[in-house]
Amino acid sequence: MKLRINKLISDAGLGSRRDVEEYIRLGRVKINGRRAQLSDLVSETDVVFFDEVDLPVKELIQEHAAEEKLQTKLRSEERRVGKECLRLC
């Protein structure tokens, strides 16, 4: 799974996605040793530094995937309950 760099860093709790976009523009973020750009996507094998601090990319992406899976399950359950309610009403 790949994730936009600004989403990854904001998920790490280092600022809003808009804040992180500014950090990227200022050159505070590096991916695999090169300066990050706003359009960059990262995967579990990438190395990301924010202000010279190595971020736990693999864990952050895994957490994002788990949260996405949970949201999908919840939306599915909401649709099922909604359909059942309509049928009973």
Side-chain angles (χ1 to χ4, degrees):
M1 169 180 224
K2 290 192 175 206
L3 197 59
R4 288 185 65 99
I5 186 64
N6 61 337
K7 176 72 173 141
L8 178 94
I9 295 174
S10 68
D11 282 357
L14 299 171
S16 70
R17 288 171 67 182
R18 298 298 172 239
D19 292 338
V20 173
E21 287 176 2
E22 186 61 24
Y23 303 154
I24 292 168
R25 283 188 197 96
L26 294 172
R28 296 174 63 184
V29 180
K30 292 187 179 175
I31 303 170
N32 301 325
R34 69 165 180 77
R35 190 173 167 169
Q37 297 182 14
L38 290 175
S39 60
D40 285 339
L41 297 173
V42 292
S43 67
E44 292 180 3
T45 59
D46 290 317
V47 177
V48 176
F49 281 89
F50 174 69
D51 285 344
E52 308 302 322
V53 176
D54 189 4
L55 299 180
V57 175
K58 183 176 182 178
E59 292 82 0
L60 290 167
I61 290 177
Q62 288 173 345
E63 286 175 16
H64 177 79
E67 185 178 313
E68 211 171 67
K69 185 176 181 180
L70 177 61
Q71 290 297 323
T72 300
K73 185 176 181 177
L74 289 173
R75 283 191 298 271
S76 176
E77 182 65 16
E78 286 173 351
R79 282 193 299 271
R80 186 191 65 74
V81 169
K83 286 179 183 178
E84 188 168 316
C85 181
L86 286 174
R87 187 177 56 84
L88 294 174
C89 293

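None of the values given here were measured: they were computed from a predicted structure. Below, each value reflects all heavy atoms present in this structure, side chains not excepted, and no hydrogens, waters or symmetry copies.
Placement of L41 and L38 in two distinct hydrophobic clusters is found when ILVMFWY residues are connected by side-chain heavy-atom separations under 4.5 Å, directly or transitively.
Applying the salt bridge (charged side-chain N to carboxylate O under 4.0 Å, His left out) test to D51 and every residue at least two apart in sequence or in another chain returns R28. For V48, the side-chain contact (heavy atoms from CB on, under 4.5 Å) partners at least two apart in sequence or on another chain are I5, L8, V29, I31, V42, L55, V57.
Sorted by first and then second residue, the ring-ring contact (aromatic ring centres under 6.0 Å, His included) pairs with a member in residues 28-61 read Y23-F50; sequence neighbours excluded.
For the atom pair CZ (R35) and CD1 (I24), the distance works out to 10.5 Å, reported to the nearest 0.5 Å. To the nearest 0.5 Å, the span separating OG1 on T45 from NZ on K2 amounts to 7.5 Å.
Around CD of E22, the count of heavy atoms belonging to other residues, nucleotides or ligands within 6.0 Å exceeds 12. No more than 12 heavy atoms of other residues, nucleotides or ligands lie within 6.0 Å of NZ in K30, so this atom counts as exposed by the packing criterion. Enclosure of atom CZ in R34 by more than 12 non-hydrogen atoms of other residues, nucleotides or ligands within 6.0 angstrom is indicated.
Using a distance-only test at 3.5 Å, with no hydrogens or angles considered, no donor-acceptor pair links the side chain of R17 to the main chain of D11.
In terms of heavy atoms, S43 sits closest to I61 at C-CD1, 3.4 Å. The heavy-atom pair separating S16 from S10 by the smallest distance is C-CB, 3.9 Å.
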